[in-house]
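Worksheet for the structure shown next.
Worth knowing before you read on, the calculation uses all heavy atoms, side chains too, and leaves out hydrogens, waters and symmetry mates.
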Amino acid sequence: MKSLVVYSSRTGNTRKVANAVFDSLPGDREIFPVEQAPPANGYDFVAIGFWVDKGRPDDKAASYIQTVQGATVGLFGTLGANPDSPHARDCISRAVDLVSGNHVAGTFLCQGRIDPAVVEMMIKTASHVHPMTPERMANIKAAESHPNDPDLEMAKAAFREMIHDIEPKVTS
């Protein structure tokens, strides 16, 4: 099986997860930052990583995702919010929508440290829609320690499961 891992990372969070995903994949595999990524055709499995920006995959990852056609894809991302939150579910749903025309083998999200410049901008532009509440500040603080080793192990497990589920289809 030949796999490709492509990722976009602003602070290094998604790169860490991409490396964990890469380590979990069997066989012939390659990993690239999105700026250097080859076309996805010719690969049996394509793992695409993004950081969440305004509730969706960042622009670089989104552009790459939309070039992928007829592939078996696993999506992974990092975001400042809790990965089990309704917001996170909306974010991954938007990513899945971008990769239409492909078979999505699975998804994985984990919390990640938010770029301090983004936090500063969030504080300055906080509105009634997204006020900077004590709960929101606590979430930003909690995100500082992610992705951590347990997050990376969960990413590996998620992608091993995806591969296990698709491998008989790929090799037959």
Side-chain angles (χ1 to χ4, degrees), residues 1-113 146-172:
M1 188 164 101
K2 187 174 178 185
S3 300
L4 173 65
V5 178
V6 175
Y7 65 91
S8 176
S9 189
R10 179 174 176 158
T11 62
N13 295 331
T14 312
R15 184 183 69 240
K16 283 182 189 176
V17 178
N19 285 322
V21 168
F22 178 78
D23 289 345
S24 73
L25 299 176
D28 187 15
R29 62 196 197 271
E30 297 179 295
I31 184 170
F32 294 94
V34 70
E35 299 87 355
Q36 299 169 6
N41 54 329
Y43 291 90
D44 299 308
F45 181 72
V46 183
I48 306 171
F50 57 89
W51 54 277
V52 172
D53 184 27
K54 300 177 196 87
R56 60 185 295 277
D58 68 276
D59 289 341
K60 288 179 184 179
S63 293
Y64 186 83
I65 288 169
Q66 292 172 329
T67 69
V68 179
Q69 295 298 315
T72 299
V73 177
L75 295 171
F76 63 96
T78 59
L79 73 167
N82 181 317
D84 296 322
S85 68
H87 172 68
R89 285 190 291 279
D90 289 345
C91 294
I92 201 67
S93 177
R94 288 183 191 106
V96 169
D97 289 347
L98 288 174
V99 77
S100 65
N102 297 279
H103 168 69
V104 179
T107 63
F108 176 81
L109 277 180
C110 77
Q111 197 168 29
R113 179 179 54 84
H146 294 273
N148 56 27
D149 288 342
D151 295 329
L152 300 178
E153 289 304 315
M154 286 189 292
K156 289 177 183 180
F159 276 81
R160 281 192 296 264
E161 185 175 324
M162 286 179 219
I163 294 300
H164 178 267
D165 290 347
I166 66 164
E167 206 164 29
K169 296 173 190 157
V170 171
T171 57
S172 59

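Of all heavy-atom pairs spanning Ser3 and Leu25, the tightest one is CB-CD1, 3.8 Å. Considering every non-hydrogen atom in both Asn82 and Asp84, the closest pair reads OD1-N, 2.6 Å. The two residues Pro38 and Tyr43 have their closest heavy-atom pair at CG-OH, 3.8 Å. Contact between Val21 and Ser24 at its shortest, heavy atoms only, is O-OG, 2.7 Å. Among all heavy-atom pairs drawn from Ile65 and Ala95, the shortest one is CG2-O, 4.5 Å. Nearest approach of Gly112 to Asn13, heavy atoms of both residues: C-ND2, 3.4 Å.
By the 6.0 Å contact criterion, CG on Asp97 is enclosed, its count of non-hydrogen atoms from other residues, nucleotides or ligands being greater than 12.
Side-chain atoms of Arg29 never come within 3.5 Å of backbone atoms of Val5 as a donor-acceptor pair (strictly under, hydrogens ignored). Under a 3.5 Å cut-off, the side chain of Asn102 and the backbone N or O of Val68 do form a donor-acceptor pair. Judged by distance alone, the side chain of Asn19 and the main-chain N or O of Lys16 form no donor-acceptor pair under 3.5 Å. A distance-only check finds a donor-acceptor pair linking the side chain of Asp44 to the backbone of Lys2 [under 3.5 Å]. A distance-only check finds a donor-acceptor pair linking the side chain of Asp58 to the backbone of Trp51 [under 3.5 Å]. Panel note: side chain Ser93, backbone Arg89; no donor-acceptor pair is recorded below 3.5 Å. Arg113 places no side-chain N or O within donor-acceptor distance of the main-chain N or O of Pro147, the cut-off being under 3.5 Å.
Here Cys110 contributes atom SG and Leu152 contributes atom CG; the two are 7.0 Å apart, rounded to the nearest 0.5 Å. Atom CG in Asn148 sits 7.0 Å away from atom CE in Met154 (nearest 0.5 Å). Put simply, OH on Tyr7 and NZ on Lys60 are 11.5 Å apart, with the number rounded to the nearest 0.5 Å. Atoms NZ and SG, from Lys54 and Cys91 in turn, are 12.5 Å apart once rounded to the nearest 0.5 Å. One finds the CE atom of Met162 at 9.5 Å from the CG atom of Asp165 (value rounded to the nearest 0.5 Å). From Gln36, atom CD reaches atom CD1 of Ile31 across 11.0 Å, with rounding to the nearest 0.5 Å.
Within the 4.5 Å cutoff, the side chain of Asp53 has no heavy atoms near those of the Arg10 side chain. Contact of the Tyr64 side chain with the Phe50 side chain is not registered, since no non-hydrogen atoms from C-beta on lie closer than 4.5 Å.
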**OP:** Before giving the answer on side chain to side chain contact (heavy atoms under 4.5 Å, CB included), spell out for Leu98 and Leu75 the whole-Å C-alpha distance, their side-chain angles and the decisive distance to 0.1 Å.
**Re:** CA-CA 11 Å; Leu98 288 174; Leu75 295 171; over 6 Å; no
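Partner of Thr78 under the side-chain hydrogen bond (donor to acceptor under 3.5 Å, both in side chains) criterion, out of Thr14, Asp151, Thr11: Thr14 alone.
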